[in-house]
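For the single chain, residues carry numbers from 1 onward in sequence order.
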Amino acid sequence: IYAAIVVSVLTAINIAGVKQGKIAQKLLSMGTVICVSLVIVIGIFKATPVTAVVSTGADPKSAFGLAMIFVLYTYGGWNEAAYISGEVTNPKRNILRSLVIGVTLITGLYLLINFAYLKGLGFAAAGNSSAIAADLMQSGLGKAGEKCVSIMIALAALGVTSATIFTGARTTYALGHDTPMLSFLGRWHEGSETPVSALSIQGVVALGLILMGALARKGFETMVSYSVPVFWLFFFLTGLSLFILRKREPDTERPFKVPLFPVIPILFCGVCLYMLHASLAYAGKGGITGL
């Protein structure tokens, strides 16, 4: 119910206008960064490591792909600045800047928060924890810290949902704009400066996925199983399109030159295929449904 309300309200804010969607996203992103920074400070300077025995996990070879599913999914969204390139001033310069600066900042925050987990809890306790941020904050601030994490997680979820609604509808709009059969998705509302049809359809699909997750025994895991293989399949197809479009349209102006072409795109596509295999092995039937 809460998930459906959040999707509905944030979709409505974005339909109201690009200005409203932008303000909401800035506030939620700032709040999330502040919360993550608070966890980092508590972990490094206040929490006390606890004594724990390291648990024996799965075979490292088979566990690596599974671990990377969640590690790399956490970084999901680094690419989405490209989805709004049609609305960005001087995209040739600013899209590259936003991608590089964004990825650098997020990587820095994630490395710091993992260092805070290890420093604040110790390696064994961090490895055994099923709710690592809550355990860290409880260690540093007691019960109040644990409650604080619940608010942080809700805020982070709101920020990610808002960003995905904002950027995701732009790809749906582009699909409608380029495909006559789906032209209803390519309608742009001049007053609000938003793709209203694309936002509305996206909202309906999201509500359908929420319903599917609600009917499953483990809703969150069902959604991850459903979406992760799709995530890696489309990353692979995007990397592959670089080779296809260069061959098919050799004379098209390309404002960005890929460094070390074709080495980096080949490496990228190889990683995507490996992660697609790992995510299907993890997801099983849910992943096949998503694909």
*Report yes or no: is the cationic atom of Arg248 (NZ for Lys, CZ for Arg) closer than 6.0 Å to the six-membered ring centre of Phe243, at no more than 45° off its axis?*
no
*Please step through side-chain hydrogen bond (donor to acceptor under 3.5 Å, both in side chains) for the pair Tyr73 and Ser279, ending with a clear verdict.*
CA-CA 11 Å; Tyr73 206 39; Ser279 60; over 6 Å; no
_Between Phe235 and Trp78, ring centroids under 6.0 Å_ = yes
_OG on Ser197 to OH on Tyr173, rounded to 0.5 Å_ = 10.5 Å
_Between Tyr110 and Tyr75 (judged by ring centroids, cut-off 6.0 Å), do the two rings come close enough to count as a pair?_
yes
_Between Ser162 and Gln25, does the side-chain hydrogen bond (donor to acceptor under 3.5 Å, both in side chains) criterion hold? Intermediate values first, please._
CA-CA 6 Å; Ser162 174; Gln25 187 53 44; 2.7 Å; yes
*Check the angle between the aromatic planes of Tyr274 and Phe64 and answer parallel, tilted or perpendicular using the 30° and 60° thresholds.*
tilted
*asked:* So, taking the atom named CE in Met68 and the one named CH2 in Trp232, what distance separates them when rounded to the nearest 0.5 Å?
replied: 7.5 Å
*Distance under 6.0 Å and angle within 45° of the ring axis: does Arg187 meet both against Phe184?*
no
_Any salt bridge linking Arg170 with Glu87? Criterion: basic side-chain nitrogen under 4.0 Å from a carboxylate oxygen._
yes
_Going by side-chain contact (heavy atoms from CB on, under 4.5 Å), Ile165 matches just one of Ile13, Asn14, Val6. Which one?_
Asn14
*Are the aromatic ring centres of Phe70 and Tyr282 under 6.0 angstrom apart?*
yes
